[in-house]
Number of protein chains: 2
Amino acid sequence: MFSQSEENYLKAIFHLTTAEKNGISTNAIAEKLATKPSSVTDMIRKLSDKKVVSYKKYYGVALTNSGRKIAAYIVRKHRLWEVFLVDKLDFSWDEVHDVAEQLEHIQSPKLIQQLDQFLGYPTQDPHGDPIPDKDGNLKTIEKCLLSTLAKNDSGIFVGVDDSSSDFLQFLDRRRITLGKQIKVIEKEDFDESMLIEINSQKMTISKKIANNLYIQKS
Amino acid sequence: MFSQSEENYLKAIFHLTTAEKNGISTNAIAEKLATKPSSVTDMIRKLSDKKVVSYKKYYGVALTNSGRKIAAYIVRKHRLWEVFLVDKLDFSWDEVHDVAEQLEHIQSPKLIQQLDQFLGYPTQDPHGDPIPDKDGNLKTIEKCLLSTLAKNDSGIFVGVDDSSSDFLQFLDRRRITLGKQIKVIEKEDFDESMLIEINSQKMTISKKIANNLYIQKS
DNA sequence: ATAAATATTTAGATTAGTCTAAAAAATGAT
DNA sequence: ATCATTTTTTAGACTAATCTAAATATTTAT
Ligand SMILES: [Mn+2]
Ligand SMILES: [Mn+2]
Ligand SMILES: [Mn+2]
Ligand SMILES: [Mn+2]
């Protein structure tokens with residue numbers, strides 16, 4: 001059994017791993033969890049003793065197979081709970097994360113099994129992120145940042161990079177919701193802003209926004 | 001904010017209070033929480049500093065108004081989650097307690113508000129226990145132990161005293177479920193067992209069983 | 001290749017929650 | 001009223017998780 005803290009470390013390493021291919025650095029983990037590097041070193045050593053991470057002093061850390069499976073299961077729980085909150089309890093997509101951070105630590109295999117069924121075996125959470133299956137397998141869909149699209153390219157809005165409440169609320173105000181068709185009408189060289197068409201109307205979005213929207217090209 | 005451990009102490013004192021009218025003893029709390037009396041003394045002192053219990057050395061402890069409200073809210077959460085598990089996720093009534101022990105500590109007023117609505121504002125949990133309202137008020141229904149009924153008395157089965165998994169499963173096997181009409185056909189003086197009628201059939205139950213079933217007389 | 005900057009680890013301290021063993025207070029029995 | 005028993009508190013220790021400050025290793029820049 002793993003403590004809540006241990007679970008949070010495993011999850012942080014799991015998420016950092018998808019971006020980095022080398023060992024995950026102590027500092028990166030500390031930043032992600034808002035702790036100090038010295039605390040990370042201590043915890044890494046403990047997780048290493050428990051065989052869920054492999055660790056060589058000064059050379060970063062990586063999940064073992066068993067560690068990856070545990071981490072994926074926590075992510076699975078987190079995302080299933082987010083679906084529950086949005087689909088069943090009328091939360092909006094910017095309100096669910098903090099509650100899911102707590103719910104993901106509830107220990108009960110039956111609970112998650114039944115919740116999954118109750119929700120109709122969803123494959124994605126409210127932010128478009130994939131829900132790992134029971135074995136920890138995560139199927140990622142083909143997607144790219146809106147900022148990488150060329151003029152006249154189009155596709156479907158399938159996910160966000162930044163999922164802060166502020167950004168999600170901004171998207172709500174602009175009626176930019178998951179599943180919508182987006183077409184690039186114009187790209188501005190000067191500030192890299194773009195004019196897009198969505199909901200059959202045109203709007204200008206900044207480079208920063210375009211860098212946080214994932215598109216599945218079509 | 002209160003830690004999980006502090007919440008468990010408050011809840012234990014709350015539950016012990018309904019039975020006892022004097023101050024709750026250190027030993028009683030220790031037994032309920034499966035800890036040592038010395039640990040209880042330490043925690044009581046902390047809760048006293050936080051003004052949620054009143055405490056005089058050697059003379060037991062009692063909840064303050066604020067403490068009672070916090071404790072009732074934890075019980076509210078526990079029981080709402082039990083309803084969720086049974087009504088929505090097909091748990092049986094003997095499987096819910098341990099999961100609810102975890103879920104009751106999730107912090108999110110909106111979550112509980114929405115869950116309450118989603119469940120249709122239930123007033124009782126799967127074991128027949130009342131769900132405190134938002135202000136911590138608990139309406140108890142008129143009920144008595146089956147063992148106190150006389151021959152030919154009858155009533156409705158509305159709750160259990162012992163809610164261990166074993167006992168609940170026993171009731172399931174005997175088709176003794178909440179809401180059923182029960183009539184006392186015969187009482188045996190020798191061993192205090194009784195013959196009852198339920199589901200239009202007769203069965204004998206021991207004194208111990210009769211002492212754990214609550215009946216609303218009719 | 002060396003020095004400076006950065007990253008990581010170690011050493012030592014702190015807090016929450018628990019425990020055991022011993023001391024002190026309250027309760028019960030003669 | 002005194003003594004024995006039970007209950008409660010205190011003293012001191014331990015573990016998990018964290019921190020700060022100092023030491024050490026690695027990386028980067030000259
Ligand atoms: Mn989330
Ligand atoms: Mn999400
Ligand atoms: Mn329960
Ligand atoms: Mn219950």
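Letters A, B, ... mirror the listed sequences (proteins, then strands); counts begin at 1.
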- Message: Without decimals, in angstroms, what is the distance between B:E6 CD and C:dT15 P?
- Response: 15 Å
- Among B:R45, B:K11, B:K50, which residue meets the salt bridge (Lys or Arg N to Asp or Glu O under 4.0 Å) test with B:E6? B:K50
- Task: Can you tell me the distance, in whole Å, between the CE atom of B:M43 and the C1' atom of C:dC19?
- Result: 14 Å
- Message: By nearest atom, which of the nucleotides C:dT10, C:dT18, C:dT20 is closest to the B:Y9 side chain?
- Response: C:dT18
- Stepwise side-chain hydrogen bond (donor to acceptor under 3.5 Å, both in side chains) test for A:D125 and A:W93: CA-CA 9 Å; A:D125 82 359; A:W93 68 344; over 6 Å; no
- Task: Round to the nearest Å and state the distance from A:Q4 atom CD to C:dA16 atom C1'.
- Result: 15 Å
- Message: Check for me whether the distance between the ring centres of B:F84 and A:F84 falls short of 6.0 Å.
- Response: yes
- Message: I need the NZ-P distance between A:K56 and D:dA25, as an integer number of Å.
- Response: 13 Å
- Rounded to whole angstroms, how far apart are CD on B:E31 and C1' on D:dT6? 15 Å
- Can you tell me if the side-chain N/O atoms of A:T26 get under 4.0 Å from OP1 or OP2 in C:dT9? yes
- Among D:dT9, D:dT26, C:dA11, the nucleotide that comes nearest once only the side chain of A:S38 is considered: C:dA11
- Message: Please report the distance, rounded to the nearest Å, between CD1 in A:I29 and C1' in C:dT9.
- Response: 14 Å
- Closest to the A:D42 side chain: D:dT8, C:dT18, D:dT18? D:dT18
- Item | Ring centroid separation A:H78 to A:H97 under 6.0 Å | yes
- Are A:Q114 and B:K88 linked by a side-chain donor-acceptor pair shorter than 3.5 Å? no
- Nucleotide of D:dC19, D:dT8, C:dT18 approaching A:S39 most closely (side-chain heavy atoms): D:dC19
- Query: Does B:S5 have a side-chain nitrogen or oxygen under 4.0 Å from the phosphate oxygens OP1 or OP2 of C:dA16?
  - Reply: no
- Please tell me which of B:Y55 and A:A34 maps to the more 5' nucleotide of DNA chain D, matching each residue to the nucleotide holding its nearest heavy atom. B:Y55
- Task: Measure from NZ on A:K36 to C1' on C:dA13 and round the result to the nearest Å.
- Result: 16 Å
- Identify which nucleotide among C:dT18, C:dT8, C:dT10 has an atom closest to any side-chain atom of A:K57, counting heavy atoms from C-beta outward. C:dT10
- So which one's nearest nucleotide on DNA chain D is more toward 5', A:S3 or A:Y58? A:S3
- Item | Protein-nucleotide distance (B:I24, atom CD1; D:dT8, atom P), rounded to Å | 11 Å
- Note on the structure: Considering only heavy side-chain atoms of A:Y59, the closest of D:dT10, D:dT27, C:dA25 is D:dT27
- Taking only N and O in the side chain of A:R45, is any of them less than 4.0 Å away from OP1 or OP2 of C:dT9? no
- Task: Select one nucleotide: of D:dT7, C:dA7, D:dT18, the one nearest the side-chain heavy atoms of A:N27.
- Result: C:dA7
